[in-house]
Every structure is written in structure tokens, then in C-alpha cells.
Amino acid sequence: MQISEIYRSIQGESSFAGLPCTFVRLTACNLRCVWCDSEYTFTGGKKMSPEEVETEVERLSAGGLVEFTGGEPMLQERELVPLMERLLARGYTLLLETSGERPLERVPAAVHKIVDVKCPASGEGGTFRESNLPALTQRDEIKFVLAGREDYEFARDFIRAHDLGRKAGGVILSPAFNKNPGTARDASNCSLDPQRLAEWILEDRLEVRLGLQVHKFIWEPATKGV
Ligand code: SF4
């Protein structure tokens, strides 16, 4: 496998936000979202066997929560799926952050999938694979990262058209972060003001979670490996 980093931090972007978590960040992505905060994963990293990844996960965490992220982890699904099956058998709770563009039917059912639907301002709108919708369960969460009103309206209409509130365990609307954030650990780095997003959600009576990237309020937003 090609791995950018394995580290221990606080989960930041789902209903698991705030919990200690071991992150396995896989190298490479086939998308290029304009606000991507992990471009350093597009190349480089180091080769590790799935057994070496498992050993490092065990060394850092000895049980608990593990998240596979990237880049796009499902580009390495041939090695990733058996690794996830082994970690599940050892009692880990697994999260998989994925762009929604790759097929997800081979992901073990016990994994909590956090699946993006890319919005227009990401530059990758239209990449969500609608054939992934039947693979969603109540364990899973669908996430929209929003840079402004156009993205919000896209997300709102998509949620309603596909009845996402019933297909997945949760729907998250999250403000995008500025491409080059300042050092402030506050909402001034959000491309969309969270207060405005909250008002829109309440006005439209959406049953969704307003997601803030918790780690960017704990550490400086540009910090890597957190
Ligand atoms: S899918 Fe994720 S890793 Fe890939 S470009 Fe978009 S934000 Fe970056």
C-alpha cells in the first residue's frame, strides 16, 4: 500500500467528532477539489504492506477508533478491504472517509462510511456515484462541504430528491475552509459563515448535522498530521 501518514489525533468531521482516533492516510486521489486541504497526499508517501499498517495501528491505538482517509482510500481497495476485515475481526471500530466517486459495495458492512457528495464550487460536482446509494446503511454518513449559497441549495435539493435522511444514519453540512487559512483557530477561516449556514438549515427545516472541522479549531488550520 502507498501510505502518506499514520498518526493519532482527534476525529474532526462526523458524529464521531471529538473522539481520539488513529488515522491512516492513504496516498493519491483521482479528484482535485479546489479547497482540498490534503494535496500533500497526491504523491509521495511510503510503501507499506497491509501487515505493517496493521502493526502500526496496533502500536498507536491498541483498540478503539481507526479512520482510513486520504487522498482517496478506495483507490487501494484491493489491499484496503482485507485489511479492514482483519481490523474489524480484532474489535476495532472503523471509519472510511471517501469522496463518493469510487464504488463502495465491497466495503465491509460494519465499517462506518463517511461519504462526500461533491458540490459545484468544489470543481468536482457531478462525481458522486449514484449507484453507491444502495450501499449506504444506517451506520453511514453523507457529507456535503459547502463554499456558499449555490452549494447549499445543491445539497438541500440533493438531500430531498434522494431522501438521504432515510438512506443513511446522518447527513452533514460543513462549511469549506479557505484554501490558505490564517493562523486563527476560529470561523474566520470558513469560506461560508457557519452562522449563515445554521440560519439556512433552520429556515429550510433540514434534519441534518451542521459539521465543523473540530481539529481546525483545536490546532492552527494549516497544521498537518492532526
Ligand atoms: S477528494 Fe478529498 S483528497 Fe481528493 S481532492 Fe477532494 S478533498 Fe482532496
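For this chain, numbers begin at 1 and follow the sequence in order. Read the numbers this way: they start at 1 and go in the same order the structure lists the ligands and their atoms. Hydrogens, waters and symmetry mates play no part in the numbers below; they use all other heavy atoms, side chains included. All values reported here derive from a predicted model rather than from experimental measurement.
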What residue among V53, T55, L60 forms side chain to side chain contact (heavy atoms under 4.5 Å, CB included) with V57?
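Considering V53, T55, L60, a side chain to side chain contact (heavy atoms under 4.5 Å, CB included) with V57 is found only for V53.
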
For ligand 1, which atoms have a heavy atom of W35 less than 4.0 angstrom away?
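Those atoms are 7 (S).
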
Does any N or O in the side chain of R185 come within less than 3.5 Å of the main-chain N or O of I218, such that one atom is a donor and the other an acceptor?
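Here the side-chain-to-backbone pair exists.
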
Sequence neighbours excluded - ring pair (Phe, Tyr, Trp, His ring centres under 6.0 Å) pairs with any residue from residues 85-136
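Non-adjacent pairs meeting ring pair (Phe, Tyr, Trp, His ring centres under 6.0 Å): F16-H112, F128-F158.
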
Sequence neighbours excluded - salt bridge (charged side-chain N to carboxylate O under 4.0 Å, His left out) pairs with any residue from residues 194-214
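As it turns out, the salt bridge (charged side-chain N to carboxylate O under 4.0 Å, His left out) pairs with a partner in residues 194-214, which skip direct neighbours, are R156-D204.
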
What residue and atom, counting heavy atoms only, is the protein's closest point to atom 3 (S) of ligand 1, and at what distance?
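For atom 3 (S) of ligand 1, the nearest protein heavy atom is G71 N, 3.6 Å.
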
Metal site atom 6 (Fe) of ligand 1, protein N/O/S atoms found under 2.8 Å:
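That number is 1, waters not included.
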
Give a yes-or-no answer on whether the side chains of Y7 and E56 include a donor-acceptor pair shorter than 3.5 Å.
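The criterion, which ignores hydrogens and geometry beyond distance, is not satisfied for E56 and Y7.
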
Just to be sure I read this right, does ligand 1 sit under 4.0 Å from the backbone of F42, its side chain, both, or neither, counting only heavy atoms?
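It is the side chain that gets close, since no backbone atom is under 4.0 Å.
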
Kindly write out the residues that satisfy side chain to side chain contact (heavy atoms under 4.5 Å, CB included) with T137, not counting sequence neighbours, or none if the list is empty.
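Counting only residues at least two positions away or on another chain, T137 forms a side chain to side chain contact (heavy atoms under 4.5 Å, CB included) with R139, D140.
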
With a 4.0 Å cut-off on N to O distance, would you call R106 and E77 a salt bridge?
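Salt bridge between R106 and E77, a charged N being under 4.0 Å from a carboxylate O: yes.
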
